[in-house]
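Residues: numbered from 1 along the sequence shown.
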Amino acid sequence: DDYQSYLQAMQESPKRGMRVNLLKISSVQLQQLLPFELVPTPFARNSYILPDDYILKNSIPYAAGLFYVQEPSASSAVSLMEIKPGMQVLDLCAAPGSKSTQIAEYLGSEGLLVANEINPKRSAILKENLEQCGTANAAVLNADPRDIAVLFPQFFDAVLCDAPCSGEGMFRKNEEAQQEWTEESVFACAQRQALILDSAYETLKPGGTLVYSTCTFSKEENEDNVLAFLKRHPDMNMVPVHPEFGRNGMRGCIRVYPMDGGEGHFAAKMKKNPGPSAVHTVLPALKSDAMPVCASAFLKSELKNCYPYQYVHRDHVYVSNVPFFDTGKCRMIKEGLEAGIVKNGRFEPSHPLYQSSSSQFIHTIELSEPDAKQYLAGEAIRCLLSVKGYLAVTWHGHVLGFGKSDGTCLKNKYPKEYRIR
C-alpha cells in the first residue's frame, strides 16, 4: 500500500542527522552554540536533523566532539536496547562507531563498552570516533566474532549485533550501494549474519537483551534470520516494542523506510531466559609495567580528578574508568584512553586524554571563536600567559585539545590529521 510513497521518497534528498553527545553537553546547552535550530527526530532522545548547509569542517562544536553525525534512523537500534549506566555492553560489528558512541553516551562514565570490528582498517576509524566521543570506559577489539564469544562467555547485559548487510536502506544516499547490490549478496549476507548472531548469543548473560539490526529491507536478512535464530536458541524470546518511530512488523521487530523520516533500518529485540546456568566470567587482568614517576606527577598536577585505573606498556601510559583486562587471542586496539608517552624521562600528554569527558583540567586557556579556529588550523596562539607548560585549550568551556605555553606563546599540539585546512 505504501509502495508509491516509497518511490516518491526515493526521489527526495536524503536527510542528514546528528546526535548530541550527552557525555559532554546537553541538547539545551548545544543549542546555544549552534547557528541553527535543533529539530528532533523520533529515533533517539538526543537525535536531531543536521541542515544540509552546515559545514562540518569549519564547526568548532563538531571538532570538540559535542555532537556526532549519524543518519537519523540509524540511531533507532540502540534506542531499543534501553542502556543504563553500569551495564556491560557489546557492540559486535561496531565500525565506524555510530552505534558504539551512542551506547557510550547512555552508559556515561559507568559500566563497560566493548566495541569489536573484524576489519583492521575500519577498527582504526572506530577507535578515533570513540576517542572523539570522550568515553573512558570502552575497549576496541579487532577480532573474529567467534573469538569474542570464547573470550566473553555469558558476560554482557546487552549485545548489539548490527550485522553487515546488502545495504538496501542506503540506496537513496549512496549510489555505490546500488551498484554493488546483487541478489546473491542478499543470501550471502544472510548466511554470514546467522553465524555472527550465534556468536552474539554466546556472549549474552541469562536475562540479557540482544538487539539485531540491519540497514537493509530484505526479508531473508531480517525476519527470516530472526526466526531461524530463535529456532536454534529456544531460550531466546522476542520482546514487544512500541517505538515512536517506523512501523511494527513481526512481533518485536521494527522497520524504517525512507518515507518514515530516515533512510532505512530494521531492528529486532530479543531476550535470553533467566536461568541457573549463568557463568560468572572474570576477565583476566592486564599486567602493567611500573608507572613512571614523571607520568604520575603530570597526572596529579594537571588533572582535578584521578582515573581509578592505569596501565603502562613500553613507556605508553593509559588510563580508564574500568579495570584493564587481557584480551588473549582477540587483538586489542585500545582500552581506556592513552594519556601520553614517556620520552627521555619526560611525560608528553596525548590528544585522547584531552578529548575525554572524564578529564577535568587544572590549567586551561579559554579562546575566542577567531582564536579557536586559528587553533584548529594548527597555528600558534600568541598571548601573555601566567602559566608555563601544558594547557587544556577550551572554547565556551569545552576542551578542543591542548598546547604548551612558554609564557608568551601557546605552541599548538592539535593533531595534524584533524586540522582545518
Side-chain angles (χ1 to χ4, degrees), residues 1-3 5-6 9 15 17-20 22 27 38-49 70-87 89-92 98-100 102-103 105-108 156-163 165 168-169 193 197 200-201 204-219 221-231 233-274:
D1 293 341
D2 291 327
Y3 187 58
S5 298
Y6 169 77
K15 289 183 173 66
M18 58 176 280
R19 272 193 349 266
V20 177
L22 302 175
S27 298
L38 286 174
V39 178
T41 81
F43 302 108
R45 68 182 189 225
N46 56 331
S47 172
Y48 299 88
I49 296 297
Q70 182 185 35
E71 184 274 302
S73 64
S75 62
S76 58
V78 174
S79 294
L80 298 182
M81 297 178 74
E82 301 180 47
I83 303 297
K84 300 289 191 300
M87 293 175 70
V89 185
L90 170 65
D91 186 354
L92 192 53
S98 299
K99 296 176 176 64
S100 289
Q102 187 180 1
I103 292 169
E105 290 161 5
Y106 293 173
L107 280 176
F156 293 102
D157 301 295
V159 176
L160 175 65
C161 183
D162 185 49
C165 65
E168 294 162 358
Q193 291 155 355
L197 266 171
Y201 167 84
L204 188 64
K205 286 180 181 178
T209 298
L210 170 64
V211 170
Y212 171 66
S213 65
T214 73
C215 58
T216 198
F217 301 138
S218 75
K219 191 165 172 283
E221 297 176 71
N222 294 333
E223 290 88 351
D224 288 356
N225 240 340
V226 171
L227 290 171
F229 173 78
L230 294 173
K231 286 183 179 179
H233 304 286
D235 59 338
M236 295 293 299
N237 297 286
M238 299 300 297
V239 177
V241 292
H242 306 285
E244 297 178 357
F245 51 80
R247 53 196 72 204
N248 288 91
M250 188 178 80
R251 175 184 168 90
C253 300
I254 59 105
R255 278 177 172 263
V256 180
Y257 291 98
M259 60 276 199
D260 297 327
E263 292 309 300
H265 228 71
F266 168 86
K269 184 175 182 178
M270 296 167 275
K271 203 171 188 71
K272 183 182 279 190
N273 289 341

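In this structure, the side chains of Asn222 and Cys253 stay at 4.5 Å or more apart for every pair of heavy atoms. At a threshold of 4.5 Å between non-hydrogen side-chain atoms, the residues Phe156 and Leu90 count as touching. Proximity of Glu168 to Thr214: side-chain heavy atoms (C-beta onward) are nowhere separated by under 4.5 Å. Contact annotation: the side chain of Met270 approaches that of Val226 to within less than 4.5 Å [non-hydrogen atoms, C-beta and beyond]. Between Leu197 and Cys161, some side-chain heavy-atom pair lies under the 4.5 Å cut-off. By the 4.5 Å heavy-atom criterion applied to side chains, Arg45 and Leu22 are counted as neighbours. Looking at Asn248 and Pro243, their side chains come closer than 4.5 Å, going by heavy atoms from C-beta outward. In this structure, the side chains of Val78 and Leu160 come closer than 4.5 Å at one or more pairs of heavy atoms.
A salt bridge links Arg255 with Glu223: at least one charged nitrogen is closer than 4.0 Å to a carboxylate oxygen. One finds a salt bridge joining Lys269 and Glu82 here, because a Lys/Arg side-chain nitrogen approaches an Asp/Glu carboxylate oxygen to under 4.0 Å. Taking the charged nitrogens against the carboxylate oxygens, Lys99 and Asp91 have no contact shorter than 4.0 Å, which rules out a salt bridge.
Residues Ile49 and Pro72 approach most closely at CD1-CG, 4.2 Å, considering heavy atoms. Summarising the geometry of Ser76 relative to Phe245, their closest heavy-atom pair is CB-CE1, 3.4 Å, with the distance given to 0.1 Å. Between Asn273 and Pro234 the shortest heavy-atom distance is ND2-O, 4.3 Å. Closest heavy-atom contact between Ala158 and Ile83: CB-CD1, 4.2 Å. The heavy-atom pair separating Val20 from Ser27 by the smallest distance is CG2-OG, 3.6 Å. Residue Gly246 comes nearest to Val256 through the heavy atom pair CA-CG2, 3.9 Å, listed as atom of the first residue, atom of the second, then distance.
Evaluation of the ring-ring contact (aromatic ring centres under 6.0 Å, His included) test over residues 248-270, restricted to residues two or more places apart or in two chains, returns Phe217-Tyr257. Listed by first and then second residue, the salt bridge (Lys or Arg N to Asp or Glu O under 4.0 Å) pairs involving residues 241-250 are Asp2-Arg247, Arg247-Asp260 (not counting sequence neighbours).
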Practice item. With side-chain contact (heavy atoms from CB on, under 4.5 Å) as the test, would you mind laying out the steps for Val159 and Met81 before giving the verdict? Key: CA-CA 8 Å; Val159 176; Met81 297 178 74; 5.9 Å; no
Point to revise | Verdict with reasoning, Leu107 to Val89, per side-chain contact (heavy atoms from CB on, under 4.5 Å) | key: CA-CA 9 Å; Leu107 280 176; Val89 185; 4.1 Å; yes
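The aromatic rings of Phe229 and His233 sit tilted, their planes meeting at an angle between 30° and 60°.
In this structure, Arg19 forms no cation-pi arrangement with Phe43, as its terminal cationic atom is not both closer than 6.0 Å to the ring centre and no more than 45° off the ring axis. In this structure, Lys272 is positioned above the aromatic face of Tyr201, its NZ or CZ under 6.0 Å from the six-membered ring centre and within 45° of the axis.
One finds the OG atom of Ser98 at 9.0 Å from the CG atom of Asp162 (value rounded to the nearest 0.5 Å). One distance of note links CD of Gln102 with CG of Asn46; it measures 6.0 Å at 0.5 Å rounding.
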Just distance, no hydrogens or angles: give the donor-acceptor pairs under 3.5 Å from side chains in residues 205-212, sequence neighbours left out.
residue: Lys205; atom: NZ; partner: Asp157; partner atom: OD1; Å: 3.1
residue: Thr209; atom: OG1; partner: Lys271; partner atom: NZ; Å: 3.3
residue: Tyr212; atom: OH; partner: Gln193; partner atom: OE1; Å: 3.1
residue: Tyr212; atom: OH; partner: Glu221; partner atom: O; Å: 2.7

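Here the side chain of Ser75 pairs no donor or acceptor atom with the backbone of Glu71 at under 3.5 angstrom.
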